[in-house]
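First the structure, in the form of structure tokens, and then the observations on it.
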Amino acid sequence: MADYSKEEIKNIEKKWQDKWARDGVYKVSNDTAKEKYYVLDMFPYPSGAGLHVGHPLGYIASDIVSRFKRLKGYNVLHPMGFDAFGLPAEQYAIDHGIHPATSTAQNIQTFKDQLSKIGFCYDWSREVQTCDPKYYKWTQWIFLQIFDSWYNQKKEKAERIADLIHLFAKEGNANHPFPNAKSLVPGSNKEVFTGGEWQSFDAKTQQEILMQYRLAYLAYTDVNWCEALGTVLANDEVINGVSYRGGFPVTKKQMRQWSLRITEYAERLLKGLEEVDFSDSMKEIQRNWIGKSVGARITFQVKDEKERLYNLVVFTTRPDTIFGVDFMVLAPEHELVKEITSIAQRAEIEKYLAYVESRSEIDRMAEVKKITGAFTGAFAVNPFNGREVPVWISEYVLVGYGTGAIMAVPCGDERDHKFANHFGLPITNIIGEYYNGQEANPTKEAILENSDFLDGLVMHQAIDVVIDRLEEKGIGKRQVNYKMRDAGWSRQRYWGEPFPVVFTDDMPFAMEDHELPLELPELTNFKSSGTGEGPLANLPDWVHFANNKRRDTNTMPTHAGAAWYFLRYTDPHNDQVFADRKALDYWGQVDVYIGGSEHAVAHLLYSRLWVKILHDLGYLNFDEPFKKLINQGKITGDSRFVYRIRGTNTFVSAGLKDNYDTDPLHVDVSIVAGLDLNIQAFRKWKPDFANAEFILEGEKYICGAAIEKMSKSYFNVVNPDEIIENYGADTLRMYEMFLGPLELSKPWNTHGIDGVFKFLRRFWNLFHNAQGNFEVSDGKPTPEALKVLHKTLKKIEYDIDHFSFNTSVSEFMICSNELNSMKCNKRAILEPLVIALSPFAPHIAEELWEKLGHSDTILNEAFPQYNEEYLREDSFEYPISINGKVRAKMNFALDMPKEDIEKLVLASEIVIKWTEGKAPKKVIVVPGRIVNVVM
RNA sequence: GCCCGGGUGGUGAAAUUGGUAGACACGCAGGACUUAAAAUCCUGUAACCCUAAAAGGUUGUGCGGGUUCAAGUCCCGCCCCGGGUACCA
């Protein structure tokens, strides 16, 4: 007697989880003739809160795919690891004095315990932890490869610095200009040097020049400085001018920081999107982030009050509007500002610069529409008609984009138009009636007027005409610009990878391979110095470990360890190379990568960058890491609120809260039934509430509700352990899949979980008689049962290939319902079905498989191939529609000719009733689909 | 503002190429079993009209229009929700 009861489920799941672990059934070999398939989850950051039901959603999906592909005969790599460096562990250390290594290890253990209960098929022997020195040795090593590389724009690939030195000695840098247009030869204002000059430079100058080319480089950059966190943040860690974590203010600060020259790869990162299978929105997010725009650089002459001339280079996407330029605007930080400001305007400009300086990022963002600026007193000369226009400065022009200067065309650009109106500047109309005098019109379709040699041309055609003319005159050229900036790679933190470099004479030099890893030293004071140095500065002996030698006090961002972990899984224990070339070639690209869309820009771009660089340097034979990316939707929590009357300990029910001045407080969802607060439990929940008073509605306290991100601090977290305790892991797995399409975000509720549980029990009962004893028949299955089986197999295979797991669960339910009503317990039907179910519900499947008399694990079976033979139908019940409305059904053989169907349909009683004897205009017969009679 | 994605019963959702809208499940209602409850099983369940019932009819996939024999699906305009991004020249 064995019911699919709570106790029995626990026994079964424990039994198989133990056996799988004991037998090592998930261990994957690199050495096989089988075709590979690589299924990857975005590895989690092991937070102290443990797993909630949102985490496993993607893991369950990837587990189903892995198990399915294994049954289909592939050698499947499905590993798991931990993104274990990061700020929260360090913050925890500062608050509680517990070393990040200790708390991280504990959290990882909690995660693994929770994961193991869900029955995932991870090969834990391949686990990686980014904070493990054996792992970050290779993170540091790859960093040094990037440090030792430059981007050859001619060949569009990374090459070694040694090759660059060779080139410089031979021909200088004329063919390979500085990647950053602002770079100059140190101590001069030259952008170009000859081979001879290179050889005459001293060692430090040579190093400084090379630094301008390195793909990992150290430079003074404007960084996002967060005083409250005491650290620099990456652009993607700053949201709306405040820090992503904590929401603290962020200001700009010049600091000497490591950066990755990702801008050199902008075009390849863009092009690579065409060959990968990511969702449209994901590609769009990355495209927007890269932000390519095509236009021209144009050099204007600027005259100051003493008629001195300066070159002013602007970037514009609309060179066609050059005759509509009414003024120029420089970023306040533009280096020309000091030079060209007239004496009369100096006070005003300085006042304006002080104002800009005083503005924080949030101020700027909050007041984007505010129009400010100042006139320099200088004039720019239009290179085509010699017209002189005033040069202004304004914060709406950003120093970091393009050249930090624009030509302003008020009739065509909204911002320029507002600026002109605000300061009373004249507006030239070059687009005739397309400009209404009220607001700018950014069209490209207008026919140009007042535009000299462009008159009569449509704007989008004029663009090329102007650029050609600019190039002829040598005052401009075609130019592509990208919004993306180089990636800041230094963090003022302890809990990250130290930079494997040694400074001599203030220049960084790579450590030798055999010196790696540069391990994190022991530390007790994790607080950063607050001067912009990381906590490692608290260890002067470690930093200044030898005469004239110094280490970097910063560490790398968490993105570093995550940028290549998928490569390490292929050969995780190698201590000679980051991964054996044979293993890398065998496993290659990740076939399916599943994770949240919040990593769209940072993690995915950095991974793609590192893979491209490693590819260019000859370590990989592919240059996109992820063939297909699936973003699972978030599972949101259903939060509950109580409303406290301000300054009291009295709580008012939701319906009455508008009568009082109240503050909403999150309340633990576990002490609220629906919307009714359990007042007893609430008083016990927190000491503060022990004496709480309540203003009720009727007899009840009704809570407020909101759908929010699932978070411990919102008390709306549902722990998967609870579900497993009550229903088992198989039910949890199938229920999470049944909730809806994987990529949709959806609120967690347990309304439907009973339905899934009942399905599993009914499925179990197919194998058991009324007394609960195992009983299957070896008799010949009926054609009906075979049809049900093969229909199911076909659908399941289709659905898994299309990541449509909610519909596969439905299909299993339909199948089980149908077999149930047929009272079918034939082995020939049930055996294949168990295999098909095993990716979804592995525990029950293994148990039934064993009961069916098999001694080997079900994992080594083959997914049963459906056979169209059994699905073939002879006839079809046609819906008969009249003028598009279905009025009847009629059964015809599928091979019946259209004309015969038409005749029979028209002769039928129901059609005669509707046609009233009149001849129809038209009859459409779609074989196997529908008949439509048009009157 | 701009760019993506989405809007279908009381609820989660399904509809693979334009071809029977609402599969599957929850919930609800009724019934069987039970002293009773739980569990389980059976039946019904888009809305409206008509009917004693059956049968039948009308409307219906955010709104308005269009293409088509046929539209949740394609086209045009609009509204709302979610995400990304934001003086990017």
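The sequence lines fix the lettering, A, B, ..., with proteins before strands; numbering per chain opens at 1.
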### Query
Within a strict 4.5 Å, meaning less than it, do heavy atoms of the A/His768 and A/Tyr4 side chains meet?
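SC-SC contact between A/His768 and A/Tyr4 ruled out.
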
### Query
Side chains of A/Leu312 and A/His334: closer than 4.5 Å at any heavy-atom pair?
yes

Given the [atom1] atoms of [N] and [M], what is the spacing between them in whole Å?
N	M	atom1	answer
B/G19	B/G27	C1'	32 Å
B/A23	B/G12	P	15 Å
B/A53	B/C69	P	41 Å
B/G5	B/A29	P	42 Å
B/G83	B/G30	P	41 Å
B/G72	B/G62	P	10 Å

At under 4.0 Å between heavy atoms, what does [X] touch on the DNA or RNA strands: base, sugar-phosphate, or nothing?
X	result
A/Asn481	nothing
A/Arg297	nothing
A/Phe759	nothing

Nearest-nucleotide pick for [X], side chain only, options being [options]:
X	options	result
A/Asn817	B/C24, B/C88, B/G19	B/C24
A/Phe738	B/U20, B/C87, B/A25	B/A25
A/Arg761	B/G57, B/C24, B/U40	B/U40
A/Arg415	B/A89, B/C88, B/G19	B/C88

Quick test: give all pairs of protein nitrogen or oxygen and nucleotides 14-17 of chain B nitrogen or oxygen below 3.5 Å, distance rounded to 0.1 Å.
unit_1: B/A14; atom_1: OP1; unit_2: A/Asn806; atom_2: ND2; d: 2.8
unit_1: B/U16; atom_1: O2; unit_2: A/Tyr798; atom_2: OH; d: 2.6
unit_1: B/U16; atom_1: O4; unit_2: A/Lys795; atom_2: NZ; d: 3.3

### Carboxylate-amine/guanidinium contact A/Glu868 A/Lys794, below 4.0 Å
yes

### Query
Does A/Lys903 come within less than 4.0 Å of A/Glu899, counting only side-chain N to carboxylate O?
no

### Query
When the aromatic ring centroids of A/Phe812 and A/Phe763 are compared, is their separation below 6.0 Å?
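Here the rings of A/Phe763 and A/Phe812 have centres that are no less than 6.0 Å from each other.
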
### Query
Do A/Tyr735 and A/Tyr727 have ring centres separated by under 6.0 Å?
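No, the ring of A/Tyr735 stays outside the 6.0 Å limit from the ring of A/Tyr727, centre to centre.
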
Give me the distances for all protein-to-nucleotides 41-43 of chain B N/O pairs that come in under 3.5 Å?
unit_1: B/C41; atom_1: OP1; unit_2: A/Arg762; atom_2: NH1; d: 3.3

#### Entry: B/G9, syn or anti by chi within 90 degrees of zero
syn

### Query
Picking from A/Leu604, A/Val601, A/Ile290, what satisfies side-chain contact (heavy atoms from CB on, under 4.5 Å) with A/Ile285?
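Looking at A/Leu604, A/Val601, A/Ile290, the match for A/Ile285 under the side-chain contact (heavy atoms from CB on, under 4.5 Å) is A/Val601.
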
Enumerate donor-acceptor pairs with a distance under 3.5 Å from any side-chain N or O in residues 398-409 of chain A to protein atoms, sequence neighbours excluded.
unit_1: A/Tyr401; atom_1: OH; unit_2: A/Ser293; atom_2: OG; d: 2.7
unit_1: A/Thr403; atom_1: OG1; unit_2: A/Val313; atom_2: O; d: 2.6
unit_1: A/Thr403; atom_1: OG1; unit_2: A/Ala405; atom_2: O; d: 3.4

### Watson-Crick or G-U stems of RNA chain B, 3 or more pairs, under 3.5 Å, by first number
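Stem list for RNA chain B: B:1-7 with B:79-85, B:10-12 with B:24-26, B:27-32 with B:40-45, B:46-49 with B:56-59, B:62-66 with B:74-78.
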
#### Entry: Distance-only donor-acceptor test (3.5 Å): side chain A/Lys483, base B/U85
no

### Message
Checking side-chain polar atoms at under 3.5 Å, does A/Asn311 have a donor or acceptor matched by the opposite partner on A/Thr299?
### Response
no

Pairwise N/O distances under 3.5 Å, protein to nucleotides 2-4 of chain B:
unit_1: B/C3; atom_1: O2'; unit_2: A/Glu284; atom_2: OE2; d: 3.1

Quick one: which protein N/O atoms are closer than 3.5 Å to N/O atoms of nucleotides 69-77 of chain B? Pair and distance per line, please.
unit_1: B/C69; atom_1: OP1; unit_2: A/Lys922; atom_2: NZ; d: 3.3
unit_1: B/C69; atom_1: O2'; unit_2: A/Asn932; atom_2: ND2; d: 3.1
unit_1: B/C69; atom_1: O2; unit_2: A/Asn932; atom_2: ND2; d: 2.9

